[in-house]
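Read through the structure below, which is laid out as structure tokens, and then see the notes.
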Amino acid sequence: MAAPLPDPANSTIFGRILRGEIPCDEVYADDQCLAFRDVAPQAPVHILVIPREHLVNLAEAEAHQAALLGHLLLVAAKVAKQEGLTGFRTVINSGEEAGQTVFHLHVHVIGGRPLAWPPG
């Protein structure tokens, strides 16, 4: 399957990264997603996994996107292993009230230090 073309209407920073307008520190890419280091890391390892398809957040996902959502989680595990993490946290903020600041779905992969619970 060919990678979807970046959505020219996606004005988020992630849309701009997908279109190559803003560089990123890429750690993984395939035809469905891109993973790169967060510019404001909250831990020694903090990677974002974003779909190439513009999807605002998990709350707006639809049944036909189930395979894409599963793929994002598998890539999150893959990049965690690639980074040498044996334990890590994945976070998907959905909506402003949950702390989502970029309205393009993204999975945070966080690790490399002990993580407290509950978060935030």
Side-chain angles (χ1 to χ4, degrees):
M1 175 167 73
L5 295 174
D7 182 352
N10 179 358
S11 63
T12 70
I13 191 169
F14 296 161
R16 296 182 67 203
I17 288 170
L18 288 167
R19 289 190 300 273
E21 297 168 6
I22 297 175
C24 69
D25 186 359
E26 181 181 308
V27 297
Y28 177 85
D30 65 25
D31 63 340
Q32 295 181 69
C33 68
L34 173 67
F36 52 91
R37 297 187 194 289
D38 194 304
V39 296
Q42 302 300 304
V45 175
H46 189 164
I47 294 169
L48 302 174
V49 181
I50 66 171
R52 292 187 184 278
E53 175 184 339
H54 182 74
L55 176 57
V56 172
N57 58 35
L58 192 56
E60 295 190 20
E62 297 181 10
H64 73 274
Q65 294 164 315
L68 172 62
L69 297 171
H71 181 71
L72 295 175
L73 293 177
L74 290 173
V75 169
K78 180 176 188 162
V79 298
K81 183 176 182 180
Q82 179 180 298
E83 294 293 313
L85 299 177
T86 55
F88 59 95
R89 181 173 292 161
T90 53
V91 176
I92 301 173
N93 298 317
S94 192
E96 189 173 348
E97 302 81 20
Q100 185 178 7
T101 57
V102 178
F103 293 91
H104 181 114
L105 179 78
H106 51 289
V107 179
H108 296 261
V109 179
I110 303 166
R113 68 166 172 80
L115 300 169
W117 192 262

To the nearest 0.5 angstrom, please state how far the [atom1] atom of [X] sits from the [atom2] atom of [Y].
{"X": "Gln82", "Y": "Tyr28", "atom1": "CD", "atom2": "OH", "result": "9.0 Å"}
{"X": "Ile92", "Y": "Leu73", "atom1": "CD1", "atom2": "CG", "result": "5.5 Å"}
{"X": "Lys81", "Y": "Thr86", "atom1": "NZ", "atom2": "OG1", "result": "12.0 Å"}
{"X": "Leu18", "Y": "Asn10", "atom1": "CG", "atom2": "CG", "result": "7.0 Å"}
{"X": "Cys24", "Y": "Ile47", "atom1": "SG", "atom2": "CD1", "result": "11.5 Å"}

Subject >> Partners meeting side-chain hydrogen bond (donor to acceptor under 3.5 Å, both in side chains) with Asp38 (sequence neighbours left out) >> reply: His46
Original post:
Sequence neighbours excluded, which residues qualify as side-chain hydrogen bond (donor to acceptor under 3.5 Å, both in side chains) partners of Arg16?
Top reply: Glu21
**OP:** Without swapping roles, check the side chain of Gln100 against the backbone of Asn57 for a donor-acceptor pair under 3.5 Å.
**Re:** no
Considering all heavy atoms of both residues, which atom of [X] and which atom of [Y] are nearest to each other, and what is their separation?
{"X": "Ile50", "Y": "Phe36", "value": "CD1-CE2, 3.7 Å"}
{"X": "Val49", "Y": "Ala35", "value": "CG2-CB, 4.0 Å"}
{"X": "Cys33", "Y": "Val75", "value": "SG-CG2, 3.7 Å"}
{"X": "Ile110", "Y": "Leu115", "value": "O-CD1, 3.7 Å"}
{"X": "His104", "Y": "Pro51", "value": "NE2-O, 2.8 Å"}
{"X": "Ala80", "Y": "Val109", "value": "CB-CG1, 4.0 Å"}

Original post:
Do the side chains of Leu85 and Val107 join up, straight or via other hydrophobic residues, at under 4.5 Å, putting them in one cluster?
Top reply: yes
Original post:
Do Leu34 and Ile13 share a hydrophobic cluster, counting only Ile, Leu, Val, Met, Phe, Trp and Tyr and linking them when any side-chain heavy atoms are less than 4.5 Å apart?
Top reply: yes
Subject >> Pair listing, side-chain hydrogen bond (donor to acceptor under 3.5 Å, both in side chains) test, anchored in residues 67-77, at least two apart >> reply: Asp30-His71
**OP:** Check which hydrophobic residues are tied to Val56 through side-chain heavy-atom contacts below 4.5 Å, counting indirect links as well, and list them.
**Re:** Phe103
Subject >> Check: Phe88 and Val45 side chains under 4.5 Å, non-hydrogen atoms >> reply: no
**OP:** Carefully, step by step, assess Leu48 and Val102 under the rule side chain to side chain contact (heavy atoms under 4.5 Å, CB included).
**Re:** CA-CA 11 Å; Leu48 302 174; Val102 178; over 6 Å; no
In residues 58-70, what donor-acceptor pairs under 3.5 Å come from side-chain atoms, sequence neighbours left out?
| residue | atom | partner | partner atom | Å |
| --- | --- | --- | --- | --- |
| Gln65 | OE1 | Glu62 | N | 2.8 |
| Gln65 | NE2 | Glu53 | OE2 | 2.6 |

Original post:
Listed by chain and number, what are the ring pair (Phe, Tyr, Trp, His ring centres under 6.0 Å) partners of His106, not counting sequence neighbours?
Top reply: Phe14, His108
Original post:
Could you go step by step and tell me if Asp31 and Arg52 meet the side chain to side chain contact (heavy atoms under 4.5 Å, CB included) rule?
Top reply: CA-CA 8 Å; Asp31 63 340; Arg52 292 187 184 278; 5.6 Å; no
